[in-house]
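Notes for the one structure printed next.
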Amino acid sequence: MRSKYQKNTVWFVDDLKSMGLLGTCLFLFCLFAETTIGAARPNIILVMADDLGWSDIGCFGGEIRTPRIDSLAREGLRFTQFYNNAVCGPTRASLLTGLYCQQTGHRGDHWNQPKDYSKCVLISELLQNAGYHTMMVGKWQGRDLALDRGFDRFFGPMCQAKISYFHEVQQNPYYLDRERFQLPEDFYLTESLNHYAVQFLKEAVTTDKPFFLYVAHIAPHWPLHARESDVAAYREQYRDHGWDECRSTRFESQQKSQLIPSHWKLAPRSPDVKDWKDDANHDWQAERMAVYAAQVSAIDEGLGELLDVVQESGQEENTLVLFLSDNGAAPDGGLRPSKSGFGFSPQQPNDSWRLDQVAIRPGSGPDNLPGPPDTFAAYGLAWATLSNTPFRSTKLSGYEGGIRTPLLARWPAVISGDQKSDDAGHVMDLMATCLDIADVNYPSEFHGRIPVPIEGKSLRPVFEGKPREGHDVLCWSVPRHHVVRMGKWKAIRPRQGGAWQLFDLEADGTETTDLAQREPDRVKQLARQFEIWRQRVKDQ
């Protein structure tokens with residue numbers, strides 16, 4: 001892409017021909033300086049939240065205070081139809097490889113399966129090979145170290161099981177680069193990820209290399225763990241307003257800001273969820289959402305620190321910042337108080353999970369509020385429904401509440417502020433996008449591996465305000481459903497088999513009206529496309 005400076009040099013070339021040696025030298029100096037500027041490859045910061053609902057951040061309608069995340073929307077671009085894989089491991093597989101997760105060794109229905117590296121190559125490997133300084137903090141689900149897969153720096157846990165935000169637990173050892181990391185006394189997971197992301201970034205901006213920083217947060221995934229001072233900032237808010245009022249307010253905000261069409265209906269909530277006024281445990285329920293909100297706020301604070309480092313370094317204009325979630329909000333945690341959950345119960349000893357052998361108080365309820373280190377709880381279906389406003393269903397599902405993700409992009413040199421795109425994209429497009437802007441070709445062979453041809457398509461044309469050649473068909477095989485989307489049409493059926501439903505996502509993006517009986521031929525067409533896709537990715 002020509003920069004604005006390069007375009008402006010063309011008109012006076014003919015005039016310089018008549019200006020002699022001085023004019024020619026002046027022209028060559030300007031052209032050299034601009035070529036140098038134009039040749040600077042963009043830096044990339046990619047921040048991903050875990051189990052964050054579509055509407056939890058302020059710029060997507062939420063009441064949680066996320067000013068630094070919201071600044072990306074104000075100064076950049078919001079994607080309203082961007083997709084994930086409904087569960088963490090498959091989404092990360094697609095993000096890192098530019099492929100459908102099924103092409104990398106993931107079936108799509110499990111949170112963590114090993115990749116088949118003979119079939120794929122990671123974005124970190126390609127960017128590192130092209131001269132980028134590559135860094136990662138956060139959720140690494142590989143069996144090998146991140147430094148063996150293209151990252152120059154790494155901090156975080158090797159996530160193979162449920163985790164604590166305050167202590168090291170079984171099957172989740174922490175590493176700083178290649179060395180085992182001992183957690184300090186006042187450890188809090190999101191704060192530590194933020195700290196090392198900032199430290200790595202400060203190192204990177206002093207080098208002469210472009211950089212790629214991948215921040216894979218674990219928040220706000222359960223357990224509900226947060227510092228008391230952060231929880232207190234939200235406690236009264238959710239006690240006073242509850243899930244019904246908050247959901248209506250989010251929906252109205254989304255319509256008013258034209259984030260969603262005004263003719264869409266709010267997806268009906270599950271009949272298992274009571275009206276807020278009829279719930280008998282307001283204090284406990286509010287505490288659950290307050291802890292969750294505190295976890296989200298911690299992500300926002302960390303992003304703000306990263307943005308400050310980039311601005312202070314003078315590299316803000318040429319740095320692409322991306323923010324998204326790996327799937328929809330999680331419904332885990334139950335709707336009523338419980339004495340057990342997540343494998344912890346009063347009938348079994350709970351002192352072997354944490355490495356310091358402190359027992360967990362099982363369950364959650366009015367006498368066992370979430371948040372402290374010796375608890376393990378989640379916020380439940382009612383609050384997850386709020387998080388996914390206005391969409392249907394939650395994490396693990398093929399409905400929009402499971403697979404649609406908020407995506408923000410800020411790149412001041414290219415993207416003008418406060419833009420919105422309805423272009424349908426997929427998390428596997430991020431690999432193609434990063435390679436495109438870094439001017440790196442996807443290889444047919446890499447260090448003895450023959451990777452499957454890339455499936456993702458670059459988002460760069462959208463950044464530049466140009467038409468994009470998107471996906472003719474998108475398919476999913478997620479824990480609960482099979483899904484296929486072509487244009488505005490989406491078909492979905494239970495993973496174990498059954499009838500397809502059909503939705504027109506332009507008229508009914510919240511999937512309230514099944515059109516399968518009215519459009520049987522279209523259902524057959526979409527079902528055929530899904531089977532073609534399933535055989536193709538299976539064969540690879």
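These numbers were taken from a predicted model, which means no experiment stands behind them.
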* Pairs touching residues 325-345 that satisfy ring-ring contact (aromatic ring centres under 6.0 Å, His included), sequence neighbours left out -> W222-F342, F342-F376, F344-W353, F344-F376
* Asked: Is it the case that more than 12 heavy atoms not belonging to K162 sit under 6.0 Å from its NZ atom?
  -> yes
* Going through the distances and angles, do V484 and I492 end up as a side-chain contact (heavy atoms from CB on, under 4.5 Å)? -> CA-CA 7 Å; V484 56; I492 179 171; over 6 Å; no
* Thinking salt bridges, do D423 and R468 make one under a 4.0 Å N-O criterion? -> yes
* Asked: Rounded to the nearest 0.5 Å, how far apart are CG of L355 and CG of L183?
  -> 9.0 Å
* Polar side-chain atom of Q254 near backbone of F60 as donor-acceptor pair, under 3.5 Å -> yes
* W54 vs F391 aromatic rings, parallel, tilted or perpendicular, using cut-offs 30° and 60°? -> perpendicular
* With distance as the sole test, does T394 use its side chain to make a donor-acceptor pair with the main-chain N or O of A384 at under 3.5 Å? -> no
* Structure fact -> By salt bridge (charged side-chain N to carboxylate O under 4.0 Å, His left out), D244 pairs with (sequence neighbours left out) R269
* Just do the side-chain contact (heavy atoms from CB on, under 4.5 Å) check on L430 and L46 with the steps written out, would you? => CA-CA 9 Å; L430 297 182; L46 197 164; 4.2 Å; yes
* Any donor-acceptor pair under 3.5 Å linking the side chain of Q141 with the backbone of W111? -> yes
* **Residues D367 and K339 bridged, charged N to O under 4.0 Å** => yes
* Does the separation of the ring centres of F154 and Y175 fall below 6.0 angstrom? -> no
* **Separation of L189 CG from S164 OG (nearest 0.5 Å)** => 8.5 Å
* Asked: Does atom CD of E228 have more than 12 heavy-atom neighbours, drawn from other residues, nucleotides or ligands, at distances under 6.0 Å?
  -> yes
* Asked: Mind checking whether R485 and Y83 have side chains closer than 4.5 Å, heavy atoms only?
  -> yes
* Mind checking whether W383 and W276 have ring centres under 6.0 Å apart? -> yes
* **Basic-acidic side-chain contact under 4.0 Å: R92, D50** => yes
* To do: Side-chain contact test, heavy atoms from C-beta onward, threshold under 4.5 Å: evaluate it for L369 versus S364 and give yes or no.
  => no
* For T433 and L459, indicate whether the former's side chain and the latter's backbone hold a donor-acceptor pair under 3.5 Å. => yes
* Asked: Side chains of H106 and N112: is there a donor and an acceptor less than 3.5 Å apart?
  -> no
* Asked: Any luck finding a side-chain donor-acceptor pair between D508 and T512 under 3.5 Å?
  -> yes
* Asked: Judged by modelled atom types alone, do D300 and T66 share a side-chain donor-acceptor pair under 3.5 Å?
  -> no
* **Short N-O contact, R354 and E168, less than 4.0 angstrom** => no
* Above 12 or not: heavy atoms from other molecules or residues under 6.0 Å from NZ of K420? -> yes
* Asked: Between the side chains of Y234 and E63, does any donor sit under 3.5 Å from an acceptor?
  -> no
* **Aromatic plane relationship, F181 with Y174 - under 30° parallel, 30 to 60° tilted, over 60° perpendicular** => tilted
* Salt bridge between R460 and E464, side-chain N to carboxylate O under 4.0 Å? -> yes
* Centres of the H426 and F82 rings: under 6.0 Å? -> no
* To do: Ignoring hydrogens and angles, tell me if any N or O in the side chain of N281 forms a donor-acceptor pair with the backbone of Q285 under 3.5 Å.
  => no
* To do: Classify the side-chain pair N172/Q160 by whether it contains a donor and acceptor separated by less than 3.5 Å.
  => no
* To do: May I ask you to check whether T91 and D326 show a side-chain donor-acceptor distance below 3.5 Å?
  => no
* Do L96 and Y214 have side chains that get closer than 4.5 Å, going by heavy atoms? -> yes
* Do E301 and R68 sit within salt-bridge range, that is, some charged N less than 4.0 Å from a carboxylate O? -> no
* Mark yes or no for whether R288, through its side chain, and P370, through its backbone, hold a donor-acceptor pair below 3.5 Å. => no
* To do: For the residue pair I57 and L52, establish whether any side-chain heavy-atom pair is separated by less than 4.5 Å.
  => yes
* Atom of N388, atom of G53 and distance for their closest heavy-atom approach -> OD1-CA, 3.4 Å
* Please test E203 against R153 for salt bridge (charged side-chain N to carboxylate O under 4.0 Å, His left out), starting from the C-alpha separation and ending with a verdict. => CA-CA 10 Å; E203 295 170 0; R153 300 299 311 272; 2.7 Å; yes
* Asked: Does the distance from a Lys or Arg side-chain N to an Asp or Glu carboxylate O, for E400 and R392, drop under 4.0 Å?
  -> no
* Do Y165 side-chain atoms and I218 backbone N/O form a donor-acceptor pair below 3.5 Å? -> yes
* Asked: Any Lys/Arg nitrogen of R78 or D70 sitting under 4.0 Å from an Asp/Glu carboxylate oxygen of the other?
  -> no
Name each donor-acceptor pair under 3.5 Å that joins a side chain in residues 289-296 to protein atoms two or more places apart or in another chain, with its distance.
unit_1	atom_1	unit_2	atom_2	d
Y292	OH	D51	O	3.4
Y292	OH	D56	OD2	2.5
Q295	NE2	P223	O	3.0
Q295	NE2	H225	O	3.3

* Asked: Side chains of L77 and L408: does their closest heavy-atom pair fall under 4.5 Å?
  -> no
* **CD on E75 to OG on S416, rounded to 0.5 Å** => 12.0 Å
* Asked: So does R495 pair up with D109, basic N to acidic O under 4.0 Å?
  -> yes
* Does one side chain, of Y399 or R404, offer a donor that lies under 3.5 Å from an acceptor on the other? -> no
* Say whether D422 and T80, considering side chains only, have a donor N or O and an acceptor N or O under 3.5 Å apart. => yes
* Asked: Is the closest side-chain heavy-atom distance between N350 and P362 below 4.5 Å?
  -> yes
* Can R410 and E316 be counted as an ion pair, charged N to O under 4.0 angstrom? -> yes
* Are any of the side-chain nitrogens in R361 or D374 under 4.0 Å away from the carboxylate oxygens of its partner? -> yes
* With ring centroids as reference points, do W476 and Y100 lie under 6.0 angstrom apart? -> no
* Gap separating the CZ atom of R250 from the CD1 atom of I260, nearest 0.5 angstrom -> 12.5 Å
* Starting at OG1 of T104, measure out to CG of L99 and round the result to the nearest 0.5 Å. => 7.0 Å
* Asked: Taking the side chain as C-beta and beyond, is there a heavy-atom pair between F323 and I299 under 4.5 Å?
  -> yes
* Flag, side chain of N194 to backbone of L303, donor-acceptor distance under 3.5 Å -> no
* **Any donor-acceptor N/O pair, D230 side chain to S297 backbone, under 3.5 Å** => no
* Between atom NE2 of H195 and atom OG1 of T190, what is the distance when rounded to the nearest 0.5 Å? -> 14.5 Å
* For the residue pair F212 and M135, establish whether any side-chain heavy-atom pair is separated by less than 4.5 Å. => no
* Kindly say whether G398 contributes a backbone atom to a donor-acceptor pair with the side chain of H481 at under 3.5 angstrom? => yes
* To do: Run the ring-centre check on F211 versus Y132 and record whether the distance is less than 6.0 Å.
  => no
